[in-house]
Every structure is written in C-alpha cells, then in structure tokens.
Amino acid sequence: LGLETDLRRALERGELELYYQPLVNLASGEIESFEALMRWRHPERGLVPPTEFIPVAEDTGLIVPIGRWALQEACRQISAWQAQFPQRRPKVSVNVSAVQFAQPDLAEAVLQSLATARLEARYLKLEITESVLMDGSDAVRAMLERLQGEQIEFLMDDFGTGYSSLSYLHRFPLDILKIDASFVRRMDVEARHDEIVQAIVALARSLNMTVVAEGLETVTTLARLRELNVAFGQGFLFSRPLDAESAGRLLASGR
Ligand code: G
Ligand code: G
Ligand code: MN
Ligand code: NA
C-alpha cells in the first residue's frame with residue numbers, strides 16, 4: 001500500500017526516469033534505436049526497477065498517466081538526440097501495456113507526444129506483449145491499424161513466453177519480433193535454445209517480420225545470430241540500459 005501511495009506522487013515529484021538500452025544493427029554494428037526503460041528514483045528505496053512497480057501501476061490504473069509521461073519524455077529525448085546527432089537519427093521504442101491499450105484515447109496521446117516533440121512518427125516504435133492482443137477487440141485492432149498507418153512500428157516483446165503466440169501473430173500483423181532473452185541468453189550453451197531461436201527466426205521470416213534478439217551477452221551468441229541473419233540485437237554485450245546522459249555519450253562516441 002505504501003508503494004501505491006508513493007507511486008501516485010512519484011510523477012508529480014519528478015522521481016521517474018527513463019533509461020535507454022541500444023538496439024544494434026548486427027551487420028553494421030551501429031545503434032539503430034534505444035528501448036526506453038522506466039526507473040523510479042525513490043527517495044528512500046533508491047533506484048527501483050520496473051518489475052517492482054509496473055505491475056502495481058497496472059493494477060491501480062496509474063500506468064495510464066505514467067505511461068503517457070514515458071511517451072512524452074521518450075519523444076522529447078529522441079528528438080533532442082536527433083538534433084544533436086543529425087547523421088545518426090536514432091529511433092526509440094516505448095513499452096505500452098495492455099491497460100494503456102484499453103484506453104480509447106491512446107492513439108491521440110501517442111500522436112500528441114510526437115507532435116509536441118516535433119518528432120516524425122517513423123522514429124517511434126511501440127513494444128507490446130501478447131496480453132495486448134489477447135484483449136483482442138476490434139478497438140485494439142483499429143488502434144493498431146491507425147498507428148501503423150502513421151508509420152509507427154510495433155514490436156512483439158518477450159516472444160515465446162506467452163500463450164498461443166502463433167495465432168496472435170497471424171491475426172495482428174506487427175513489424176518486429178523480439179525473441180525473449182530467456183532463449184537467447186543460453187543458446188550458446190544449450191542446443192535446445194539454439195533450436196528454438198532458429199525456429200522463431202524462420203517463423204518471423206515467413207511472416208515478414210524483422211527480428212531482434214534480446215539478452216545478447218556473449219560474442220559467441222553474436223556470431224551465431226549473425227549466421228542466422230538476425231537483424232538486430234540488444235543486450236549486455238553492447239550495453240546495459242543507460243541514463244540519458246550516458247546514452248548521449250554513447251551516441252557521441254560514434255558507436
Ligand atoms: O528495465 P527492465 O529489464 O528491468 O524492465 C523490465 C520490464 O518492465 C520490461 O520488460 C518492460 O516490459 C517493463 N517496462 C519498463 N519500462 C516500461 C514502461 O515505460 N512502460 C511499461 N508499460 N512497461 C515498462
Ligand atoms: O521486458 P523487456 O524485454 O521490455 O525488458 C528488457 C529487460 O531486459 C530490461 O529490464 C533489461 O534490463 C533486461 N536486459 C537487457 N539486456 C539484457 C541482457 O543482456 N541480459 C539480461 N540478463 N537482461 C537484460
Ligand atoms: Mn521491451
Ligand atoms: Na522482452
């Protein structure tokens with residue numbers, strides 16, 4: 001209960017921050033985009049990871065204003081980096097939960113965030129999980145189509161961990177598939193995991209989806225993913241999630 005009360009005030013008090021983890025083009029080694037990952041700088045608890053407060057935010061509905069802030073802040077930051085690094089033009093992906101998708105004005109909020117930041121829609125991507133598609137109403141479909149029509153790309157996050165993955169992928173054509181870290185992390189030591197990754201890559205290819213491997217931690221795995229023609233990777237091998245200043249330095253370093 002203390003957490004909920006604190007979380008309610010966290011936004012007003014400016015205690016929420018976005019960290020940024022690069023998604024790297026595995027062929028060129030260049031940063032293609034950053035995933036925005038929320039952190040809560042709690043006055044007593046220190047830096048609280050999202051796994052400890054996002055579920056509470058979802059249960060209480062606080063995810064709606066918090067998620068709106070995240071969209072605005074991510075658009076503002078990426079727009080600032082684009083001005084600072086015009087030859088890099090990084091994109092940003094923002095996590096959007098099912099509760100946010102159930103809001104009829106989500107599309108408006110997304111487009112508003114872009115407009116305020118003067119950011120072109122094609123530089124924003126939204127990460128959703130299967131739970132969004134499981135709510136699979138016509139309203140969700142209409143919202144997806146509207147935003148995709150604006151050139152916003154959608155990523156299926158945590159792929160392989162949910163239910164009935166295949167039917168959702170078939171019914172909702174998303175752009176990018178993120179292979180869950182739990183498969184990628186151990187593919188260099190467990191043949192079974194390598195096989196699962198191969199199967200997901202083949203599936204993505206047949207559905208015309210771009211693949212991102214998350215949880216990329218070793219050079220062995222990097223070499224294997226290149227061999228499988230996986231387009232993008234994200235993980236501790238390249239970088240942990242960084243505060244905005246450090247992520248800016250990474251861009252400045254020319255990586
Ligand atoms: O950064 P970390 O790996 O601890 O993030 C854990 C999970 O928290 C992520 O998988 C992500 O789905 C979720 N998360 C992080 N930031 C946000 C956010 O801004 N909005 C929502 N809805 N979820 C987030
Ligand atoms: O749920 P989602 O995939 O949106 O969140 C990504 C989470 O995975 C982040 O919290 C991030 O800290 C974590 N993460 C990112 N890269 C790695 C990695 O290489 N290894 C491990 N173990 N975790 C990672
Ligand atoms: Mn994500
Ligand atoms: Na994930």
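Side-chain atoms are counted along with the backbone in the values below, which use heavy atoms only and exclude waters and symmetry mates. In each ligand, atom 1 is the first atom listed, and ligand 1 is the first ligand listed.
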Asker: Please tabulate, one pair per line, all N/O donor-acceptor pairs under 3.5 Å involving side-chain atoms of residues 147-156, not counting sequence neighbours.
Answerer:
{"residue": "Gln148", "atom": "NE2", "partner": "Pro173", "partner atom": "O", "Å": "2.9"}
{"residue": "Gln148", "atom": "NE2", "partner": "Asp175", "partner atom": "OD2", "Å": "3.3"}
{"residue": "Gln151", "atom": "NE2", "partner": "Gly149", "partner atom": "O", "Å": "3.4"}

Asker: Under a 3.5 Å threshold, yes or no: a donor from one side chain and an acceptor from the other, between Glu4 and Thr60?
Answerer: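 Their side chains do not contain a donor-acceptor pair, so the 3.5 Å distance test is not met.
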Asker: Just to be sure I read this right, does ligand 2 sit under 4.0 Å from the backbone of Leu237, its side chain, both, or neither, counting only heavy atoms?
Answerer: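 Under 4.0 Å from ligand 2, Leu237 contributes no heavy atoms.
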Asker: Regarding atom 17 (C) of ligand 1: of the candidates Ile66, Asn95, Val96, which has the closest heavy atom?
Answerer: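 Selected option, by shortest heavy-atom distance: Asn95.
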Asker: Are any of the N/O atoms on Lys178, whether in the backbone or the side chain, positioned under 3.5 angstrom from an N/O atom of ligand 2?
Answerer: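 No - when backbone and side-chain N and O of Lys178 are compared with those of ligand 2, no distance drops under 3.5 Å.
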Asker: How does Asp157 reach ligand 2, by side chain, by backbone, by both or by neither, if only non-hydrogen atoms under 4.0 Å count?
Answerer: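 Only the side chain of Asp157 comes within reach of ligand 2.
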Asker: Which atom name would you report as the N, O or S atom of Glu127 nearest the Mn ion (ligand 3)?
Answerer: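 Going by distance to the Mn ion (ligand 3), the closest N, O or S atom in Glu127 is OE1.
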Asker: If we set the cut-off at 4.0 Å for heavy atoms, which region of Pro241 has an atom near ligand 2: side chain, backbone, both, or neither?
Answerer: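 The answer is the side chain.
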Asker: Can you name the atoms of ligand 1, numbered from 1 with element, that are less than 4.0 Å from a heavy atom of Met38?
Answerer: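 Counting from 1, the qualifying ligand atoms are 15 (C), 16 (N), 18 (C), 19 (O).
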Asker: Does Arg240 count as lying over the ring of Phe236, i.e. NZ or CZ under 6.0 Å from the six-ring centre, within 45 degrees of the axis?
Answerer: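 Output yes; distance and angle both within limits.
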Asker: In Glu35, the N, O or S atom nearest to the Mn ion (ligand 3) is which?
Answerer: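 The atom in question is OE2.
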Asker: Among Leu222, Asp194, Thr221, whose side-chain contact (heavy atoms from CB on, under 4.5 Å) with Asp188 holds?
Answerer: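 Only match with Asp188 under side-chain contact (heavy atoms from CB on, under 4.5 Å): Thr221.
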Asker: Please find out if less than 6.0 Å separates the ring center of Trp81 from that of Tyr20.
Answerer: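 They qualify: ring centres under 6.0 Å apart.
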Asker: Relative to atom 1 (O) of ligand 1, which among Glu214, Arg39, Glu35 owns the nearest non-hydrogen atom?
Answerer: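 The option holding the nearest heavy atom is Arg39.
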Asker: Which atom name would you report as the N, O or S atom of Asp157 nearest the Mn ion (ligand 3)?
Answerer: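 So the atom name we want here is OD2.
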Asker: Which other residues end up in the same hydrophobic cluster as Tyr19, if Ile, Leu, Val, Met, Phe, Trp and Tyr are linked when side-chain heavy atoms come under 4.5 Å apart?
Answerer: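 Its cluster partners, ordered by chain and number, are Leu47.
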Asker: Under 4.0 Å from any heavy atom of Gln100, which atoms of ligand 1 are there?
Answerer: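 Under 4.0 Å from Gln100, ligand 1 has these atoms: 22 (N).
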